[in-house]
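Each remark here refers to the structure printed beneath this line.
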Amino acid sequence: MQTKPKKILIADDEPDILEIIKYNLSKEGYDVYTAKDGNDAVEKAKKIQPDLIILDIMMPYKTGIEVCNILRSQALFQHTIIIFLTALSDEMSQIKGLEIGADDYLNKPINPKVLVSRVNAMFRRINKVEESGKILQIANINIDPIKFLVTVNDKEIILAKKEFELLYLLASKPGRVFLRNEILIQVWGTDIIVGDRTIDVHIRKIRQKMSLDCITTVKSVGYKFSL
């Protein structure tokens, strides 16, 4: 059976950028939709239910961060990949975006080849987790890679995709210490440049959502899953 192409929504108030990104992603076989501002992005996301959303940070009516916050508050978009486009390079802006659920950042001006590579890499890693099919059961925790579902004491915990991938990696080998660089490569890939604080932000979100201290920090080394 032929797989349906992945749906991507791009939101930016600059028509030239929309055209460039749409052209390059369409060539890769994706179904690409566009939105011209923050309000348009929210409405089209609800209508289209894309697999991945690319949001410009600075948009009229609602910023990309506001759009991300609105979408992440709804169960329907908990597992949607969200990438920010930004001309802002300061670390605090990136951390704020990651804390509300962004999966990655791309800096302007856009390099179409880099963007396509990053999008393809995102989908490859998700497919790899899904194809493993191995449900992890550790004490009262159940982690299902097919449904992207985590339960603790039979209570469902909703994690964003990157949070899920990170938890799944650590829980796949309880007690083993994963080096920080190893985590970045396994979860974000070699072709995605993210700050070192990215892991810390995601670990903090996982701990908060699960209300469990199941991930131990090994100072100056990395992290391990332990109960």
Side-chain angles (χ1 to χ4, degrees), residues 5-126 160-163 165 187-189 191-195 197-198 201-202 205:
K6 298 288 188 183
K7 292 184 288 187
I8 296 177
L9 173 65
I10 314 157
D12 198 299
D13 60 331
E14 298 183 54
D16 290 349
I17 290 179
L18 288 179
E19 186 178 343
I20 290 168
I21 297 176
K22 182 174 182 178
Y23 172 75
N24 283 275
L25 291 175
S26 296
K27 282 201 307 181
E28 293 291 306
Y30 296 113
D31 281 345
V32 185
Y33 304 83
T34 60
K36 62 183 181 300
D37 57 54
N39 288 342
D40 195 24
V42 173
E43 291 306 311
K44 287 188 176 173
K46 291 177 181 177
K47 181 179 179 180
I48 298 162
Q49 296 180 29
D51 301 286
L52 183 147
I53 303 173
I54 299 172
L55 294 172
D56 182 29
I57 292 284
M58 305 303 292
M59 290 189 292
Y61 305 116
K62 288 182 178 66
T63 66
I65 287 178
E66 288 171 325
V67 172
C68 181
N69 202 26
I70 291 168
L71 297 180
R72 284 293 193 228
S73 68
Q74 302 175 37
L76 185 63
F77 298 102
Q78 285 296 321
H79 297 152
T80 305
I81 303 168
I82 296 179
I83 299 174
F84 281 146
L85 296 180
T86 178
L88 305 173
S89 57
D90 63 289
E91 188 180 31
M92 289 311 297
S93 296
Q94 294 192 12
I95 289 171
K96 183 178 179 182
L98 292 168
E99 285 181 333
I100 63 167
D103 296 294
D104 193 17
Y105 269 85
L106 273 173
N107 289 323
K108 290 184 174 181
I110 299 299
N111 181 320
K113 288 183 179 180
V114 171
L115 182 141
V116 168
S117 174
R118 299 270 274 267
V119 168
N120 288 341
M122 285 279 190
F123 283 127
R124 275 198 306 271
R125 276 187 296 281
I126 288 166
K161 266 195 167 66
K162 276 287 169 283
E163 294 165 1
E165 289 177 53
V187 178
W188 281 270
D191 50 354
I192 295 179
I193 302 169
V194 293
R197 292 286 302 278
T198 300
V201 171
H202 282 73
K205 295 291 285 185

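Throughout, numbering of the chain's residues begins at 1 and tracks the sequence.
Residue-environment remark: CD (Gln74) exceeds the threshold of 12 foreign heavy atoms within 6.0 Å.
A salt bridge is defined here as a Lys NZ or Arg NE, NH1 or NH2 lying under 4.0 Å from an Asp or Glu carboxylate O, and Asp103 with Arg72 meets this definition. We find that Lys162 and Glu165 are joined by a salt bridge, their nearest charged nitrogen and carboxylate oxygen being less than 4.0 Å apart. A salt bridge is defined here as a Lys NZ or Arg NE, NH1 or NH2 lying under 4.0 Å from an Asp or Glu carboxylate O, and Asp104 with Arg118 meets this definition.
Across Asp16, Ile8, Ile10, a single residue satisfies side chain to side chain contact (heavy atoms under 4.5 Å, CB included) together with Ile21, and that is Ile10.
Annotation: side chain of Glu66 is not in contact with side chain of Tyr61 (no heavy-atom distance under 4.5 Å). Taking 4.5 Å as the limit, some side-chain heavy atom of Phe123 sits within range of a side-chain heavy atom of Lys6. Contact annotation: the side chain of Phe84 never approaches that of Thr63 to less than 4.5 Å [non-hydrogen atoms, C-beta and beyond]. Residues Ile17 and Lys108 meet the side-chain proximity criterion, which asks for heavy atoms closer than 4.5 Å.
Here the shortest heavy-atom pairing between Gly38 and Val67 reads O-CG2, 3.6 Å. Ala41 and Leu55 make their closest contact through CB-CD2, 4.3 Å (heavy atoms, listed as atom of the first residue, atom of the second, distance). Considering all non-hydrogen atoms of both residues, Pro50 and Ala45 come closest at CD-O, 3.5 Å.
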- Check step by step if side chain to side chain contact (heavy atoms under 4.5 Å, CB included) holds for Val119 and Tyr30. CA-CA 10 Å; Val119 168; Tyr30 296 113; 4.0 Å; yes

